[in-house]
There are 2 protein chains.
Amino acid sequence: MADQPREDHYVQSLARGLSVITAFGPTTPELSLSDVARSTGLTRAAARRFLLTLVDLGYVRQEGKLFRLTPRVLALGYAFLSSVSLPGIAGPHLERLAGEVHESSSMSVLDGRDVVYVARVPTSRIMTVSINVGTRFPAYATSMGQVLLAGLDDDALEEHLAGLDPVPTTEHTLTSVEALRSRVRQVRSQGFALVDQELEYGLRSLAAPVHNRAGTVVAAVNVSTQASRVGPEETRRALLPPLLKAVAEIENDLSRSP
Amino acid sequence: MADQPREDHYVQSLARGLSVITAFGPTTPELSLSDVARSTGLTRAAARRFLLTLVDLGYVRQEGKLFRLTPRVLALGYAFLSSVSLPGIAGPHLERLAGEVHESSSMSVLDGRDVVYVARVPTSRIMTVSINVGTRFPAYATSMGQVLLAGLDDDALEEHLAGLDPVPTTEHTLTSVEALRSRVRQVRSQGFALVDQELEYGLRSLAAPVHNRAGTVVAAVNVSTQASRVGPEETRRALLPPLLKAVAEIENDLSRSP
DNA sequence: TCAACTCGTTCATTATGCGAACATACGTTA
DNA sequence: TAACGTATGTTCGCATAATGAACGAGTTGA
């Protein structure tokens with residue numbers, strides 16, 4: 001079984017249990033005991049013990065031979081959300097921004113090689129997948145990701161780029177590390193990122209960095225629009241000023257909070 | 001240590017590990033080793049092993065002597081969200097509804113004695129706390145909760161009410177089980193709930209049930225508004241028709257999905 | 001300087017979690 | 001109807017994963 005090498009402090013059963021939770025997903029909303037054993041690499045008996053423990057704790061529900069996650073699992077993610085103040089601070093500003101420009105607006109942070117959405121005000125559905133707090137996308141293919149990469153210092157950026165193998169999701173996706181490095185320089189220079197159908201056809205997105213008092217980039221905020229509405233230059237002209245204004249207000253509130 | 005009694009299938013280490021995650025929250029965004037030991041009832045050595053395992057897995061970050069959750073924890077909640085189709089189906093309808101009435105709109109489900117938000121389109125901030133997917137409130141004090149209780153069969157409702165001890169959060173909160181039972185009958189009769197400052201002063205909310213093909217109530221959808229804008233009757237007049245329309249569209253899409 | 005509190009580490013111990021094996025159930029196919 | 005393949009539930013001996021007491025070191029505030 002592909003467990004991590006044992007160290008003195010490592011609790012293997014916790015790691016295994018968490019892997020049972022993440023075995024569920026969009027293509028696997030309900031799983032049998034044997035399904036879970038297969039996808040996690042656990043023995044059937046072990047998978048059964050973890051599933052029944054999760055049932056006891058209220059995180060999983062058993063229906064016949066099939067198991068499903070319950071909404072209680074959201075409490076785990078919520079523990080993170082309720083412990084960080086930035087999404088709460090940003091929320092009203094994203095709401096105002098979305099109301100003003102009539103486009104969806106979101107905030108995300110970098111986590112590994114992905115951006116993770118931590119706040120979102122959807123207006124009208126543009127993308128084929130629904131986006132929620134918790135949704136992740138590869139950083140290189142998103143405007144917020146490129147902004148967050150631009151906010152890394154050179155060493156951290158090079159560490160991020162090392163071994164990165166961008167997978168194209170459209171024909172516009174940046175597929176070389178050198179192209180991405182060049183884009184990051186451009187974003188650093190101009191202070192925002194505009195991504196035009198690099199993640200998904202039909203989607204254009206503009207993002208700017210949110211700094212803390214120390215000047216460190218702690219999050220990115222975007223607005224996203226349909227690529228077919230207007231051209232990139234018109235998108236930039238119309239959306240950048242209100243985006244930067246919302247970011248400035250978020251930074252202002254952030255600098256006043258504890 | 002207040003662990004559950006051991007059963008053959010119970011994995012105590014998983015339960016303990018999950019309790020470490022949920023030790024973090026709005027008043028405890030960062031915790032020391034000893035803090036975690038105290039709040040979970042674990043020994044310091046055990047708390048340390050669980051924390052370091054969560055650090056290894058990327059769910060927690062250590063900064064000096066303090067630990068914090070990382071955004072990766074959102075993946076646990078996201079496993080649930082991505083495994084249920086209803087929030088994704090509802091999302092565009094909630095966006096249209098919020099756009100039309102210029103009020104926040106949400107969807108929630110019942111989990112234990114709480115409602116849990118599973119979709120949200122915020123417009124303007126009314127409440128003092130920010131609401132996210134994963135936020136929970138006591139069912140009795142919310143319009144969506146009262147709708148979900150009304151959707152329970154009589155046995156399930158009585159089971160829910162058994163031992164319920166409603167805590168008033170405003171002077172309008174229903175504080176007796178009998179008052180709540182009466183309200184549930186009213187909601188069953190009229191097909192919606194209107195809650196006026198029962199959860200929080202200044203907040204009025206209207207909710208309706210979402211049924212699946214079998215006729216079972218599977219979720220509730222609301223719109224919420226500031227109590228000071230107009231009276232309850234005007235709120236009902238203005239918001240109920242678009243709310244019921246959005247719910248009908250969600251039910252229609254739901255009946256067509258696999 | 002000292003008390004109080006914290007964390008890191010060690011290691012003997014044992015309770016936990018394991019999984020092989022067996023039995024039973026169910027659906028499919030010949 | 002019977003055989004087969006795949007599933008789940010259960011048991012229990014046992015290996016080891018996880019435990020926690022004890023010790024030492026570091027930090028902080030009075």
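Letters A, B, ... are given to chains in the order of the sequence lines, protein chains preceding strands, and every chain is numbered from 1. Any value given below was found using the heavy atoms of this structure, including those in side chains, with hydrogens, waters and symmetry copies removed. Keep in mind that this is a model prediction, so the values were computed, not measured.
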Each nucleotide N or O in nucleotides 5-9 of chain C that has a protein N or O under 3.5 Å away: list the pair and distance.
from, atom 1, to, atom 2, distance (Å)
C:dT6, OP1, B:Arg38, NH1, 3.3
C:dC7, OP1, B:Leu33, N, 3.0
C:dC7, OP2, B:Ser34, N, 3.1
C:dC7, OP2, B:Ser34, OG, 2.2
C:dG8, OP2, B:Arg48, NE, 3.1
C:dG8, N7, B:Arg44, NH1, 3.4
C:dG8, O6, B:Arg44, NH2, 2.9
C:dT9, OP2, B:Arg48, NH2, 3.1

Nearest-Å distance, [atom1] ([X]) to [atom2] ([N])?
X: A:Asp56; N: C:dG17; atom1: CG; atom2: P; value: 13 Å
X: A:Phe50; N: C:dG17; atom1: CZ; atom2: C1'; value: 8 Å
X: A:Leu14; N: C:dC18; atom1: CG; atom2: C1'; value: 17 Å
X: B:Arg49; N: D:dA21; atom1: CZ; atom2: P; value: 11 Å
X: A:Leu66; N: D:dT6; atom1: CG; atom2: C1'; value: 15 Å
X: B:Gln12; N: C:dA15; atom1: CD; atom2: P; value: 12 Å
X: A:Arg16; N: D:dA17; atom1: CZ; atom2: P; value: 9 Å

Give me the atom names and distance for the closest heavy-atom approach of A:Ala79 to B:Phe24. CB-O, 3.7 Å

Would you name the heavy atoms of A:Thr40 and A:Ser19 that are closest together and state the gap between them? CG2-O, 3.6 Å

Looking only at side-chain N and O atoms, does A:Ser32 offer a donor or acceptor that is under 3.5 Å from a partner on A:Asp35?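 The answer is yes; a qualifying pair exists.
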
Whether A:Ser13 contacts C:dT16 is assessed here as follows: a side-chain N or O lying under 4.0 Å from the phosphate OP1 or OP2. Is that the case?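 It does not, given that no N or O in the side chain of A:Ser13 lies less than 4.0 Å from OP1 or OP2 of C:dT16.
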
Would you indicate whether the side-chain heavy atoms of A:Arg188 and A:Leu157 approach each other to under 4.5 Å?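 Answer yes - side chains close enough.
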
Excluding sequence neighbours, so at least two apart, what forms side chain to side chain contact (heavy atoms under 4.5 Å, CB included) with A:Thr27?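 Side chain to side chain contact (heavy atoms under 4.5 Å, CB included) check on A:Thr27 returns nothing, list empty.
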
Those residues that, when tested against B:Val109, pass side chain to side chain contact (heavy atoms under 4.5 Å, CB included) (two or more places apart):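 Scan of B:Val109 (side chain to side chain contact (heavy atoms under 4.5 Å, CB included), adjacent residues dropped) gives A:Pro71, B:Val118, B:Ala219.
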
